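Each chain gets a letter, A, B and so on, in the order its sequence line appears, and its residues count up from 1. If you're wondering where the values come from, they're calculated on a predicted model, not measured in any experiment.
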Amino acid sequence: MGTTLPFHYHHHNLFLNTITPHKPTSKPYNTSITHKPKLTSCNLTRGLVEIVSSGSMQHALKLFDKMPQSDTFIWNVMIRGYTDHGFFLDAINLYHRMRYQGVRTDNFTYPFVIKACGVLLELSEGKKIHGNLIKLGLDADVYICNAIIIMYGKLGHIGSALKVFEEMPVRDLVSWNSIITAYSLVQQYLSSMEWFREMLRQQIRPDKFSLIIALDVCSLCVYCSGGREIHCFALKSGFALDIMVQTSLVDTYCKCGMLSYAERVFDKICLRNVVAWNAMIGGYALNGQPLRAFSSLKKMLKDDNLDVDNVTLINLLPSCAQVGAVLLGKSVHGLAIRKGFLPHPVLETALLDMYGEFGLLNFAELIFNQMTDKNLITWNAMIALYVQKGWNEKALNLFEELLSGYLKPDTVTISSILPAYAKLASLRECRQIHGYVMKLNYHSNLFVSNSIIYMYASSGDLVTARTFFDQMSSRDIISWNTIIMAYAIHGMGTMSIELFSEMKERGFQPNGSTFVSLLTSCSNSGMVNKGWAYYNLMKQDYGIEPQIEHYGCILDLIGRTGNLDQAMSFIEEMPLLPTARIWGSLLNACRNKGNIELAELAAERIMSIRHDNTGCYVLLSNLYAEAGRWENSEHIKSIMKKAGIEKTLACSTVHTVFRLHRFVNQDRSHMESDMIYNVLGIIISRNPGHSKCEEYVKKFKPSDLVRIKANLPENHSIRLAVCFGLISTALGNPVLVRKNTRICEDCHIVVKRISEITKSEIIVGDSKVFHHFRDGHCSCGDYW
DNA sequence: TTAGGGTTAG
């Protein structure tokens with residue numbers, strides 16, 4: 001055995017192999033040299049090709065620099081090497097050096113450079129190269145054109161891609177596959193499938209890659225029947241025996257929710273490889289069958305004697321999350337480390353997601369912070385996690401951090417972060433992010449635009465929410481559900497109902513969520529009969545089986561009537577297991593009726609479900625206090641203390657142009673405190689006949705008064721915020737106050753009165769609904 | 001002695 005490699009390269013590589021035993025080059029050189037090779041140019045070139053294909057580009061470059069550089073071929077080899085091994089920028093740079101040094105480029109040079117431009121999203125570079133090609137007369141080369149079509153697809157310029165395709169003097173099968181891929185890349189899946197069909201119409205026989213691309217398109221747009229059509233075609237044309245096609249079929253069926261079809265294809269695969277298994281394991285998670293994913297893994301290891309790769313683990317993690325198997329998840333994490341799969345951005349993001357699902361936020365944060373090559377998907381995962389878990393402030397900070405970096409947020413980022421804006425930001429900030437969305441041209445994306453409706457509605461600006469909705473160029477069912485819900489949380493039931501009819505007129509079929517919006521609206525606006533009517537309509541006319549959310553709404557509706565017996569029997573007759581939300585609804589009804597016994601029962605149930613019970617404890621404790629049962633009230637407080645449950649510090653906020661103003665109960669810290677208390681004093685003095693203090697003096701012994709004085713409604717944060725809002729809000733604009741807990745009955749009465757005296761519209765968003773106070777009335781109809 | 005499209009992944 002001999003080698004034609006120059007000796008010093010040999011030596012170099014052996015040395016490398018000794019220091020990095022875990023990363024052998026893919027093609028180790030033969031060491032049994034029997035003769036000293038001649039350093040001919042041909043030998044050098046062969047050596048270069050071999051080193052390049054092994055991926056050690058630094059070594060290749062050293063050799064390259066020593067070689068005569070007039071030869072186009074070796075430049076092409078180098079550029080290919082860079083592109084093949086992911087050094088796209090180096091590929092483009094070397095191409096520039098090649099042109100600078102006056103080396104002739106040829107038809108072999110360009111496909112690699114073009115690919116590099118596509119991957120790096122280098123639009124201007126790509127266009128320049130395209131221009132050069134035309135000058136060089138290479139723009140008719142099939143290989144080059146095919147590469148350009150893909151590049152324009154990646155860059156989102158489908159028009160340019162199509163133009164190249166249409167102007168090609170000769171097209172081959174790859175050209176067709178490329179245009180289908182390009183349409184898929186710009187997410188125009190229907191056009192993509194149209195081109196696939198056009199290909200068949202023109203009697204061009206697809207190859208297995210055509211089928212794989214088309215199947216991928218079907219997965220992406222969940223086009224189930226398309227997947228089946230291609231399956232039929234594959235069976236007729238013999239491609240159904242190809243493992244890559246089979247794997248694609250498994251994947252497509254899984255992504256279209258047709259698990260049994262996927263299993264049938266999978267079982268027919270003769271020699272299953274790890275990729276096929278991965279598709280199946282991932283598919284089980286996707287279809288909510290985590291246990292089957294685990295048993296698949298077992299079979300893969302045992303029956304087929306295959307080993308896991310990083311994709312196996314990536315696909316396995318969602319199953320761990322679904323069954324809440326923390327230990328199992330951690331052991332998969334450990335396995336990933338032992339196998340040397342980490343760091344790996346996709347695997348790390350999958351781990352982050354899983355820990356997030358477990359609620360182990362600190363683990364997720366740890367992974368995020370340790371990651372060296374975070375991409376946009378990683379950032380999106382972390383932001384979405386924060387928002388889902390209600391850590392809105394952290395989400396907003398992280399989003400700010402993302403904006404200050406080089407990554408550009410996409411529509412996923414924006415639709416994830418908007419709910420955090422809805423919860424925390426001022427209207428001004430909401431308008432800012434809205435402007436940013438318009439600038440990025442993301443507002444036509446339905447996920448984004450639906451989130452914008454929600455954002456405006458839940459930050460108190462129903463008018464803008466509606467205007468935005470009206471101006472949307474296209475809407476889906478979620479847009480309608482969102483706007484109906486917007487009016488629901490603002491207690492404007494008639495508007496919700498109006499929109500519901502309009503939605504039907506425009507041909508949208510209501511779904512379960514539509515009725516959640518509608519029923520919430522009826523309940524929040526006190527339209528009890530209408531609520532029941534829609535509940536029946538939903539079941540009878542639309543065949544929608546009520547879910548727990550619907551039962552919750554109906555229970556709120558019953559609660560409003562004060563008929564606690566009916567509420568209780570409704571719960572008992574429900575075919576679903578009552579959740580904390582259900583008992584919470586009953587508890588709320590009990591609070592309004594002052595029925596302590598039933599409230600205790602409801603509270604007990606809530607606590608047994610071990611939901612986040614803070615609100616429930618507070619409510620019960622207040623209920624006891626109002627009834628003068630101090631011992632019970634204190635007892636609840638001590639339970640909370642023992643359990644380490646902190647009562648949410650009630651606060652109310654008002655935004656001015658300059659900043660956020662936050663008020664707590666009895667707050668004296670505000671700069672304008674004196675003025676605020678003066679205004680409050682004037683209003684209270686003009687509101688005789690209502691003071692909880694007087695009531696309490698009549699009701700309780702002096703010793704009790706000391707206990708309750710600390711939290712008298714007299715100086716509740718909401719009143720301070722409303723008064724400050726009256727001072728700081730421009731005349732004619734509504735005063736907008738937000739509160740992190742529910743508004744108390746006493747404050748509700750006072751704010752109604754304030755709206756009457758001042759002739760101002762006052763909007764108070766509490767933790768459940770928006771109260772619109774005007775002329776002494778509230779949109780909630782005094783039930784919330 | 002070099003090309004283009006391509007199975008499983010967040």
Side-chain angles (χ1 to χ4, degrees), chain A residues 4 42-43 45-50 52-53 71-81 83-84 106-115 118 138 141-151 153 171-182 184-185 206-216 219 242-252 254-255 266 269 272-283 285-286 308-318 341 344-354 356 367 371 374-382 384 412:
Chain A
T4 50
C42 173
N43 286 341
T45 306
R46 278 202 213 167
L48 184 73
V49 170
E50 203 165 326
V52 163
S53 58
D71 184 3
T72 298
F73 176 77
I74 63 164
W75 286 85
N76 291 349
V77 168
M78 283 300 290
I79 294 174
R80 184 201 69 172
T83 303
D84 279 356
D106 65 8
N107 52 324
F108 288 103
T109 315
Y110 286 94
F112 308 117
V113 188
I114 293 165
K115 183 177 182 182
L138 286 173
D141 185 282
V142 185
Y143 282 83
I144 290 174
C145 287
N146 295 344
I148 293 179
I149 291 169
I150 294 293
M151 178 191 77
R171 288 179 207 121
D172 66 4
L173 181 54
V174 179
S175 316
W176 283 91
N177 289 348
S178 301
I179 195 71
I180 297 167
T181 306
S184 167
L185 283 167
D207 64 0
K208 64 172 176 174
F209 297 119
S210 321
L211 302 193
I212 289 165
I213 298 163
L215 282 169
D216 190 44
S219 314
D242 180 278
I243 190 162
M244 283 168 84
V245 174
Q246 287 168 319
T247 306
S248 286
L249 280 166
V250 168
D251 181 52
T252 303
C254 287
K255 285 179 178 156
F266 184 78
I269 303 178
R272 293 173 296 211
N273 60 20
V274 69
V275 179
W277 277 107
N278 289 349
M280 204 61 237
I281 290 170
L286 215 59
V308 297
D309 66 4
N310 45 27
V311 180
T312 317
L313 302 192
I314 290 164
N315 282 351
L316 208 55
L317 292 171
F341 292 159
H344 183 293
V346 179
L347 185 49
E348 286 166 303
T349 307
L351 283 165
L352 190 159
D353 268 337
M354 178 190 71
I367 289 174
M371 278 179 76
K374 299 184 190 88
N375 55 33
L376 190 59
I377 300 176
T378 315
W379 283 85
N380 287 351
M382 197 65 222
V412 177

> Need one value for A:I377: base, sugar-phosphate or nothing, where a base atom within 4.0 Å counts as base even if backbone is also close, heavy atoms only.
base
> Indicate yes or no for a side-chain donor-acceptor contact from A:N310 to the backbone of A:L313 under 3.5 Å, with no hydrogens or angles considered.
no
> What's A:V77 touching, base or sugar-phosphate or nothing? Going by heavy atoms closer than 4.0 Å.
nothing
> What is the nucleic acid contact for A:V250, judged by heavy atoms within less than 4.0 Å: base, sugar-phosphate only, or nothing?
nothing
> Answer with base, sugar-phosphate or nothing: what part of the nucleic acid does A:N380 contact at a heavy-atom distance below 4.0 Å?
nothing
> May I ask you to say what A:D353 touches in the nucleic acid, namely base, sugar-phosphate or nothing, with a heavy-atom cut-off under 4.0 Å?
sugar-phosphate
> Students often get this wrong, so: under 4.0 angstrom with heavy atoms, is A:D207 touching a base, only sugar-phosphate, or nothing?
base
> Remember a base hit wins even if backbone is also touched, and classify A:P318 as base, sugar-phosphate or nothing at under 4.0 Å, heavy atoms.
nothing
> For A:K374, report the nucleic acid contact type (base, sugar-phosphate, nothing); a contact means any heavy atom under 4.0 Å.
nothing
> Within the structure shown, what part of the strands sits under 4.0 Å from A:T312 by heavy-atom distance: base, sugar-phosphate, or nothing?
nothing
> Between the side chain of A:N315 and the main-chain N/O of A:N278, is any donor-acceptor distance below 3.5 Å?
yes
> Remember a base hit wins even if backbone is also touched, and classify A:Y110 as base, sugar-phosphate or nothing at under 4.0 Å, heavy atoms.
nothing
> Ignoring hydrogens, what is the shortest heavy-atom contact between A:D309 and A:F341? Give both atom names and the distance.
C-CE1, 3.6 Å
> Anything under 4.0 Å to a heavy atom of chain A counts; send over the first and last such nucleotide of DNA chain B, read 5' to 3'.
B:dT1 to B:dG10
> In Å and rounded to the nearest 0.5 Å, what is the CG to CD1 distance from A:D242 to A:I212?
6.0 Å
> Could you pull out all residues at least two apart from A:D251 that satisfy side chain to side chain donor-acceptor pair (under 3.5 Å)?
A:K255
> For A:V49 and A:R80, work out which heavy atoms get closest and say how close.
O-NH2, 4.4 Å
> Say you draw a straight line from OG of A:S178 to CD1 of A:I148; how long is it, rounded to the nearest 0.5 Å?
11.0 Å
> Within the structure shown, what part of the strands sits under 4.0 Å from A:N375 by heavy-atom distance: base, sugar-phosphate, or nothing?
base
